[in-house]
Amino acid sequence: MTAPIKVRFAPSPTGTLHIGGVRTALFNWLFARHHGGRFVLRIEDTDVSRSTEESIQEILAALKWLGLDWDEGPHRQMQRQDRYREVVGTLLRENKAYRCYCSAEDLDAQRKEAEKKGLKPKYDGRCRSRTGEPPDGPSVVRFKVDAEGSISVRDLLRGQVHFDKKELDDMILERSDGTPTYNFVVVVDDADMGITHVIRGDDHLSNTPKQALLYDALGFPRPLFAHISMILGADKARLSKRHGATSTLAYRDQGYLPDALLNYLVRLGWSHGDQEIFSRQEMIDLFSLDSITTSAAVFNPDKLLWVNQHYIKTMPPVELARHWEPLLVREGILAEGHGKSPEEIARVIPHLNQRAETLVEMALKAKFYFVQDVEFDDKARAKFLTAETRPLLQGLESRLAALEPFSLEGIEAAFKAVVEEAGVKLGQLAQPVRVALTGQTASPGIYDVVDLLGKERTLRRLSDAARGIEAG
RNA sequence: GUCCCCAUCGUCUAGCCUGGCCCAGGACACCGGCCUUUCACGCCGGCGACGCGGGUUCGAAUCCCGCUGGGGACGCCA
């Protein structure tokens with residue numbers, strides 16, 4: 001029996017949840033689920049000026065859409081201020097922290113000065129040894145870090161990592177407005193909440209020694225750390241808005257399936273032999289920190305598309321219809337309150353799911369089926385609905401009019417008969433009919449289109465097309 | 001600049017820990033071909049990588065060192 005595992009995902013609500021964050025959440029979630037542990041959601045909202053309620057809601061919505069469910073939280077740090085003050089008080093009393101009266105401007109100047117001299121831009125600790133009456137004016141609380149010796153932290157993926165303490169400086173624990181800072185609250189919270197494993201982005205690796213020192217000073221046991229590599233854009237730069245839509249919900253709106261996004265993301269930095277496709281359960285069963293790579297990964301939209309296509313192809317139609325419906329409505333293909341059941345919507349899916357990489361693309365291709373009147377592509381009409389093809393269209397129309405019952409076999413036979421009679425190839429009939437029925441040159445199999453549309457709509461579109469040719 | 005991390009096809013990766021089975025395997029993309037009523041799907045084939053230099057060893061993608069390159073951190077952001 002392994003010790004109970006507890007992990008957390010701790011986003012800051014200062015913007016949308018992007019896919020790098022989602023992967024971090026996913027790895028934590030998988031780790032928890034694999035080990036039967038707990039997954040905690042914590043909102044790191046100590047940057048009061050930049051945190052927004054809107055971001056929080058967006059993050060929750062994104063996690064819900066993805067099905068990354070949490071067992072505890074969401075905790076909000078701004079609701080735990082009393083606790084942070086208490087800990088700061090302890091540190092101050094124990095002389096492990098001190099008040100610093102340097103202004104932000106002073107600090108800025110000091111940093112610039114250091115940089116000019118080619119030194120590491122860090123606080124020089126001048127208030128640490130200040131004596132006498134505390135000056136008036138705002139102050140921050142800093143954590144005392146001895147410059148002597150080194151500190152090493154153990155990373156589950158990289159082994160021991162050593163840092164020279166002189167690289168560190170006396171970090172701020174509490175701002176002049178009384179709010180706590182990240183490096184401090186993360187330690188207090190992870191300790192208070194009993195977090196056993198901290199799985200987070202690589203960008204936090206150099207924060208870890210500072211936090212480790214805090215754990216030690218507070219007498220808290222350190223959790224186990226695993227720093228996963230970052231996701232980069234095609235230009236190898238850190239992923240940002242410049243690389244297109246990075247907001248998670250934007251992927252939903254662009255027609256990606258949650259399973260697909262997760263499947264794509266899990267393969268960025270984690271692998272199980274040559275396997276590319278993983279169901280949620282497989283991910284959970286197979287996930288392990290041992291098979292994570294430590295090098296950064298470039299986000300590849302083409303591969304995401306391929307994974308998405310795979311899920312569109314294989315997901316049961318009725319289930320797919322549930323994800324598809326909102327997009328059909330948004331695209332104006334189905335009216336709001338259309339009253340169609342998932343089953344009805346799902347009827348076209350078997351004919352389209354081999355032909356679309358996203359749900360949006362599939363919606364556009366389903367227009368002919370859902371919309372009342374055909375929308376013609378001008379070039380297609382000019383090329384295929386001509387005086388030469390009109391008799392073919394009419395020939396098919398009369399054959400189909402007489403067809404009873406209106407079966408797939410009968411439809412096919414009608415096409416064959418017209419083709420034979422006119423002495424043309426099937427394609428010479430199928431293309432004009434395709435344009436007449438769908439307005440496009442590309443569609444599902446022509447027999448399927450006729451079958452999907454049904455007798456009445458097929459005949460009407462055929463005769464409308466023939467009439468259109470006359471008029472033109 | 002200083003410190004830290006990383007380094008296999010264009011991209012994601014397997015292999016590396018426990019050297020030989022690897023003149024390096026899979027996937028995406030790309031290029032051919034087949035299938036075909038269109039578009040797709042599918043199938044078959046092709047292109048394509050161990051960053052460089054030293055070492056250790058009978059033997060190195062695998063171990064060690066250096067270099068180079070990329071990323072990250074150095075905030076009263078997280």
Side-chain angles (χ1 to χ4, degrees), chain A residues 10-14 44-47 49-51 100 102-104 107-108 111 114-123 138-142 155 157-158 161-164 166-169 171-177 179-183 185-186 200-210 227 229-230 232 234 236-238 264 267-277 290-291 293-307 309 313 352-357 365 380 384 415 419 425-431 433-435 438 440-447 449:
Chain A
S12 74
T14 52
E44 310 236 322
D45 56 357
T46 55
D47 184 347
S49 60
R50 292 201 302 147
S51 295
C100 165
C102 295
S103 71
L107 262 17
D108 237 31
R111 249 192 303 275
E115 248 170 277
K116 225 189 316 182
K117 287 186 196 152
L119 296 171
K120 187 153 182 133
K122 48 174 264 192
Y123 177 62
S139 65
V140 298
V141 176
R142 285 185 186 271
D155 182 277
L157 306 177
R158 301 157 211 265
V161 184
H162 310 276
F163 297 85
D164 226 322
K166 66 171 183 280
E167 295 298 327
L168 276 25
D169 65 359
M171 61 176 163
I172 292 176
L173 266 23
E174 190 182 280
R175 300 183 183 95
S176 50
D177 68 357
T179 58
T181 60
Y182 166 75
N183 279 120
V185 290
V186 76
R200 73 209 326 183
D202 213 342
D203 48 339
H204 288 290
L205 184 55
S206 30
N207 284 324
T208 311
K210 304 178 192 176
H227 289 93
S229 64
M230 318 225 64
L232 310 177
K236 302 251 180 167
R238 190 183 185 145
Y264 173 72
R267 286 283 292 103
L268 247 37
W270 177 81
S271 61
H272 180 72
D274 286 338
Q275 192 171 340
E276 296 285 352
I277 301 298
D290 298 336
S291 28
T293 50
T294 43
S295 52
V298 172
F299 180 75
N300 181 351
D302 280 332
K303 186 147 185 190
L304 204 212
L305 231 26
W306 174 78
V307 176
Q309 179 179 227
K313 280 192 297 203
L352 293 173
N353 64 2
Q354 307 291 313
R355 312 174 137 80
E357 291 181 310
K365 289 189 164 152
F384 291 105
F415 271 80
V419 160
K425 291 194 170 182
L426 181 54
Q428 292 175 272
L429 171 66
Q431 276 311 79
V433 172
R434 193 184 313 280
V435 174
T438 69
Q440 307 290 322
T441 51
S443 81
I446 194 65
Y447 309 138
V449 169

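Letters go in sequence order (proteins before strands), and every chain restarts at 1. Computed over heavy atoms, backbone and side chain alike; hydrogens, waters and symmetry mates excluded.
- Considering only side-chain atoms of A/I446, the nucleotide from B/rC5, B/rG25, B/rU37 that sits closest is B/rU37.
- In the interface, the side chain of A/N300 is not paired with the base of B/rA29 through any donor and acceptor atom under 3.5 Å apart.
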Q. Side chain to side chain contact (heavy atoms under 4.5 Å, CB included) between A/K303 and A/L268: does it pass, once the steps are laid out?
A. CA-CA 11 Å; A/K303 186 147 185 190; A/L268 247 37; over 6 Å; no
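- Rounded to whole Å, the P atom of B/rA60 lies 15 Å from the corresponding atom of B/rG51.
- Taking the side chain of A/D274 as heavy atoms from C-beta on, and the options B/rC74, B/rA14, B/rC12, the nearest nucleotide is B/rA14.
- Base engagement by A/L426 is indicated by at least one non-hydrogen atom pair under 4.0 Å involving a base atom.
- Between the side chain of A/S229 and the base of B/rC6 there is no donor-acceptor pair of N/O atoms closer than 3.5 Å.
- In this structure, B/rC41 shows a glycosidic angle within 90 degrees of zero, which is the syn conformation.
- For the residue pair A/T293/A/S295, the side-chain donor-acceptor check at 3.5 Å is not satisfied.
- The C1' atoms of B/rC52 and B/rU68 are separated by 7 Å, rounded to the nearest whole Å.
- Among the candidates A/K365, A/R355, A/R434, the single residue satisfying the side chain to side chain donor-acceptor pair (under 3.5 Å) test with A/S443 is A/R434.
- Contact annotation for A/H227: no contact, since no heavy-atom pair falls under 4.0 Å across all strands.
- B/rC21: no Watson-Crick or G-U partner with both key distances under 3.5 Å is found in any strand.
- Nucleic acid contact class of A/A297 (heavy atoms, under 4.0 Å, all strands): sugar-phosphate only.
- Checking A/D202, A/T294, A/T208 one by one against A/H227, the side chain to side chain donor-acceptor pair (under 3.5 Å) holds for a single residue, A/T208.
- Spacing of C1' atoms, B/rU8 relative to B/rC4, comes out at 24 Å, to the nearest Å.
- The separation between A/H162 atom NE2 and B/rC5 atom P is 9 Å, rounded to whole Å.
- The same atom, P, is picked in B/rU11 and in B/rG71; the two are 13 Å apart, to the nearest Å.
- When the C1' atom of B/rU36 is taken as reference, atom CD of A/Q431 falls 12 Å away, rounded to whole Å.
- Regarding contacts with the backbone of B/rC77, every side-chain N or O of A/T181 stays at 4.0 angstrom or more from both OP1 and OP2.
- When both distances must be under 3.5 Å, the Watson-Crick or G-U wobble mate of B/rA49 does not exist.
- Checked against B/rA7, B/rG75, B/rU13, the side chain of A/R267 finds its nearest nucleotide in B/rU13.
- The side chain of A/D169 lies closest to B/rG75 when the candidates are B/rC77, B/rG75, B/rG72.
- For A/T293, the side-chain atoms get nearest to B/rU13 when compared with the rest of B/rG70, B/rU13, B/rA40.
- Ring geometry, A/Y447 versus A/F415: the interplanar angle exceeds 60°, so the pair is classed perpendicular (tilted spans 30 to 60°).
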Q) Taking it one step at a time, do A/D203 and A/M230 satisfy side chain to side chain contact (heavy atoms under 4.5 Å, CB included)? A) CA-CA 8 Å; A/D203 48 339; A/M230 318 225 64; 3.6 Å; yes
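- Of the P atoms belonging to B/rC17 and B/rG53, the separation is 22 Å, rounded to the nearest Å.
- Distance from the side chain of A/L107 is smallest to B/rC76 among B/rG72, B/rC76, B/rA29.
- Cation-pi geometry between A/R142 and A/Y123 is satisfied (NZ or CZ under 6.0 Å from the ring centre, within 45° of the ring normal).
- Counting non-hydrogen atoms under 4.0 angstrom, A/G445 reaches a base of the nucleic acid.
- One N or O on the side chain of A/Q428 and one on the backbone of A/K425 form a donor-acceptor pair closer than 3.5 Å.
- Using a 4.0 Å heavy-atom distance criterion, A/Y447 is classed as a base contact.
- Put simply, A/R50 has no side-chain N or O that comes within less than 4.0 Å of OP1 or OP2 on B/rA78.
- Contact annotation: A/K313 side-chain N/O to B/rG42 OP1/OP2 distance is under 4.0 Å.
- When both distances must be under 3.5 Å, the Watson-Crick or G-U wobble mate of B/rC74 is B/rG1.
- Every residue two or more places apart in sequence or in another chain was checked for a salt bridge (charged side-chain N to carboxylate O under 4.0 Å, His left out) with A/K122, and none qualifies.
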Q | Evaluation steps, side chain to side chain contact (heavy atoms under 4.5 Å, CB included), between A/R175 and A/T181 | A | CA-CA 7 Å; A/R175 300 183 183 95; A/T181 60; 3.9 Å; yes
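- Within 3.5 Å, a donor on the side chain of A/E276 pairs with an acceptor on the base of B/rG26, or the reverse.
- For A/R434, taking side-chain heavy atoms from C-beta onward, the closest of the listed nucleotides B/rA14, B/rC3, B/rU38 is B/rU38.
- The side chain of A/S443 places no N or O atom within less than 4.0 Å of a non-bridging phosphate oxygen (OP1 or OP2) of B/rC39.
- Side-chain proximity of A/K303 to B/rC6, B/rC76, B/rA27: nearest is B/rA27.
- Between A/R111 and B/rC76, a side-chain N or O to OP1/OP2 separation shorter than 4.0 Å is present.
- Residues A/D203 and A/S12 each lie close to RNA chain B; by heavy-atom proximity, the contact nearer the 5' end of the strand is made by A/D203.
- Residue A/P444 is classed as a base contact, given a heavy-atom separation below 4.0 Å to a base.
- A donor-acceptor contact under 3.5 Å is not formed by the side chain of A/D202 with the base of B/rG72.
- Using N1 to N3 plus N6-O4 or O6-N4 for Watson-Crick, or N1-O2 and O6-N3 for G-U wobble, each under 3.5 Å, B/rG69 pairs with B/rC6.
- An OP1 or OP2 oxygen of B/rC17 is reached within less than 4.0 angstrom by no side-chain nitrogen or oxygen of A/R158.
- Below the 3.5 angstrom threshold, one finds a donor paired with an acceptor across the side chain of A/R355 and the base of B/rC39.
- Within 4.0 Å (heavy atoms only), A/V140 reaches at least one base atom of the nucleic acid.
- Along RNA chain B, the nucleotide nearest A/K236 and the nucleotide nearest A/N183 are compared for position; the residue whose nucleotide lies closer to the 5' end is A/K236.
- OP1 or OP2 of B/rU2 has not a single side-chain nitrogen or oxygen of A/K166 nearer than 4.0 Å.
- A gap of 16 Å separates the C1' atoms of B/rG26 and B/rC47, to the nearest Å.
- Separating the C1' atom of B/rA61 from that of B/rG72 is a span of 26 Å, rounded to the nearest Å.
- If you take atom P in B/rC77 and the same atom in B/rG69, they sit 34 Å apart, rounded to whole Å.
- Across all strands, A/S176 comes closer than 4.0 Å to base atoms (heavy-atom distances).
- Proximity note for A/W306 (side chain, C-beta onward) versus B/rC28, B/rA78, B/rG71: the nearest is B/rC28.
- Of the candidates B/rC3, B/rC77, B/rA14, the closest approach to any side-chain atom of A/R175 belongs to B/rC77.
- A/T441 comes within 4.0 angstrom of a nucleotide base, judged by non-hydrogen atoms across all strands.
- Counting any heavy atom pair closer than 4.0 Å across all strands shown, A/N207 reaches a base atom.
- For B/rA27, the paired base is B/rU11 (Watson-Crick or G-U wobble, both distances below 3.5 Å).
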